[in-house]
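First comes the structure, then the notes that go with it.
Each chain gets a letter, A, B and so on, in the order its sequence line appears, and its residues count up from 1.
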Amino acid sequence: MNILTDKNIKHIVESLYKSNLSESISIMEVCGTHTMAISKYGLRQIIPETINLISGPGCPVCVTPASDIDTILEITENYDISLFTFGDMLHVPGSRSSLYNKKSEGKDINICYSPLDALNFAKQNPSRKVIFLAIGFETTIPLTSVVIKRAYTEKINNFFIYNVHKLIPEALETLLKDERIKIDAFLCPGHVSAIIGSTHYNLIAEKYKIPCVISGFEPFDILESIDMIIKQIKNNKHEVQIQYNRVVREEGNPFAIKLIYEIFDKTDSIWRGLGNIPDSGLKLKEDFLEFDAKIHFPVKKIRSKEPPGCQCGDVLKGIKKPFECGLFSNICRPDNPIGPCMVSSEGSCAAYYRYEQLKV
Amino acid sequence: MCLAIPAEIIKINENLAEVESMGIKKEVDITLVPDAVKGDYVIVHAGFAIQIIDKKEAKTIKKYWNEYFDGQKY
Ligand code: SF4
């Protein structure tokens, strides 16, 4: 598909070329759906070379550390439970195995489309203990919050969550503090921001003098957002702007935000590649600890290790492009993924493999 | 993973709504958008409507997603 035949897109690309940047700038996107769209539509190839689009830690599956995968695998080994999670999680390699392997060995591991599937299964099968592997950023966290609240109200006592939810704004600051990463602007995630709104980014834009534009997912949206960023940079501005204003409001979804903090408190969280980030995760409030799989299904800690040779850590921070990993495409491919960035359909390595291999 | 798609609310029954997206009807939970009414377009993620779409824009989004999903595995 040649998107340049669309006159709006052609127009915005021309505007980008007219900007005549004197030095190159790096714009980081922190949303797997943006990563995928940028690769799929070849946006990197149609914009001026001075604009460097780099992918950050925008894929929840990719930023879940091996230690969490290992703990979940241990739980499936040691307890007779039914595990539910989103499809991409199954193939993520832990230190010794993956959920997919455990499923092949006969463990009761199920792919679900919605956390409601897990809750409904628990209701229909009261003799089974059901764990929902709760993963995702602010887009998904309200969903988990709804099911926990429902399980609490309806007194469902065979439903649990293994919570690896993470919060985006805190990770952005960690990236900005890392001197090895050059970030001049953020392309902020559209659906995370549909929940949290735009005000969270104000502090970041102000403190680090970084333009932040919340973008939609069409090629035109992304290009327009890049254009808004370039205009800010040219005018020495560092503001938060909402390009995706048909969905994102300044206040986000206040109902969803309130619900999240009825159920959870902020806590530290370990991100693959980025390490421990204060206040970037969530823990169940005391009233809801009865749903915490980590408490109810204790397992011994095993020493976790990352896949040898895999550069996911640096890829997630935007320090390396997938091509720069020695395993990319020759050993690590979607049909034989070594690291999580190749497993998830929204991982940077998978996006580059699928759409950009022939374009370099 | 944060993939979310626009859909139109056809019918509401307490916290559940029948929505239509790209010709496909399905049921979604609307607990998170208490102000949603029949005829609204919403963004749907993993079985839940998470935000109401600005009415003026809804139609154009729909067209795009039809193209976007062409050949996608979702
Ligand atoms: S190509 Fe594979 S091994 Fe290399 S960083 Fe990506 S996922 Fe890891």
Side-chain angles (χ1 to χ4, degrees), chain A residues 1 3 31-34 36-37 40-41 58-62 86-89 112-117 135-140 142-147 149-150 168 189-195 216-221 244-249 252-253 255-257 259-260 344-347, chain B residues 1-9 12-22 24-37 39-74:
Chain A
M1 180 187 344
I3 58 169
C31 164
T33 315
H34 282 155
M36 200 169 70
K40 178 172 178 188
Y41 293 105
C59 155
V61 171
C62 306
F86 299 123
D88 278 348
M89 271 320 268
C112 61
Y113 160 68
S114 167
L116 285 173
D117 302 341
I135 179 170
F137 300 134
E138 288 90 337
T139 323
T140 319
L143 284 52
T144 305
S145 307
V146 172
V147 295
K149 193 166 177 184
R150 217 166 273 173
I168 284 285
H191 291 137
V192 162
S193 308
I195 301 296
F217 301 94
E218 304 183 32
F220 179 80
D221 288 331
Y244 194 34
N245 53 9
R246 54 192 188 263
V247 172
V248 178
R249 334 235 190 284
N253 180 337
F255 183 88
I257 297 171
L259 183 64
I260 295 173
S344 167
S345 52
E346 299 199 336
Chain B
M1 236 216 71
C2 300
L3 189 79
I5 57 162
E8 183 181 1
I9 297 183
I12 292 184
N13 185 5
E14 292 180 17
N15 65 328
L16 291 176
E18 186 177 284
V19 300
E20 202 216 292
S21 181
M22 291 171 281
I24 299 166
K25 284 196 181 140
K26 59 180 188 178
E27 200 172 65
V28 301
D29 192 296
I30 51 165
T31 307
L32 295 167
V33 285
D35 299 335
V37 294
D40 275 348
Y41 281 79
V42 286
I43 290 284
V44 175
H45 169 58
F48 285 82
I50 58 164
Q51 187 57 288
I52 302 169
I53 302 172
D54 188 83
K55 268 212 172 57
K56 295 193 294 293
E57 301 273 0
K59 293 252 152 52
T60 56
I61 309 179
K62 222 172 135 185
K63 177 184 159 284
Y64 163 73
W65 282 96
N66 279 324
E67 290 164 17
Y68 187 87
F69 278 96
D70 199 31
Q72 288 286 318
K73 69 173 197 177
Y74 292 96

- Message: Between A/His191 and B/Gln51, does the side chain to side chain contact (heavy atoms under 4.5 Å, CB included) criterion hold? Intermediate values first, please.
- Response: CA-CA 9 Å; A/His191 291 137; B/Gln51 187 57 288; over 6 Å; no

- Against chain B, label A/Leu259 side chain, backbone, both or neither, depending on which of its atoms sit under 4.5 Å from a heavy atom there. side chain

Closest heavy-atom pair and its distance - [X], [Y]:
X	Y	value
A/Arg249	B/Ile53	NH2-N, 4.3 Å
A/Leu143	B/His45	CD2-O, 3.2 Å
A/Ser114	B/Ala46	OG-O, 2.9 Å
A/Tyr113	B/Gly47	OH-N, 3.2 Å

- Query: Can you tell me if A/Asn253 uses its side chain to pair, donor with acceptor, with the backbone of B/Leu32 under 3.5 Å?
  - Reply: yes

Taking the side chain as C-beta and beyond, is there a heavy-atom pair between [X] and [Y] under 4.5 Å?
X	Y	answer
B/Asp29	A/Leu116	yes
B/Phe48	A/Pro142	no
A/Arg150	B/Asn15	yes

- Output, in order, the C-alpha distance, side-chain angles, deciding distance and verdict of side chain to side chain contact (heavy atoms under 4.5 Å, CB included) for B/Asp54 and A/Val247. CA-CA 6 Å; B/Asp54 188 83; A/Val247 172; over 6 Å; no

- Check the pair A/Phe255 / B/Val33 against side chain to side chain contact (heavy atoms under 4.5 Å, CB included), numbers first and verdict last. CA-CA 7 Å; A/Phe255 183 88; B/Val33 285; over 6 Å; no

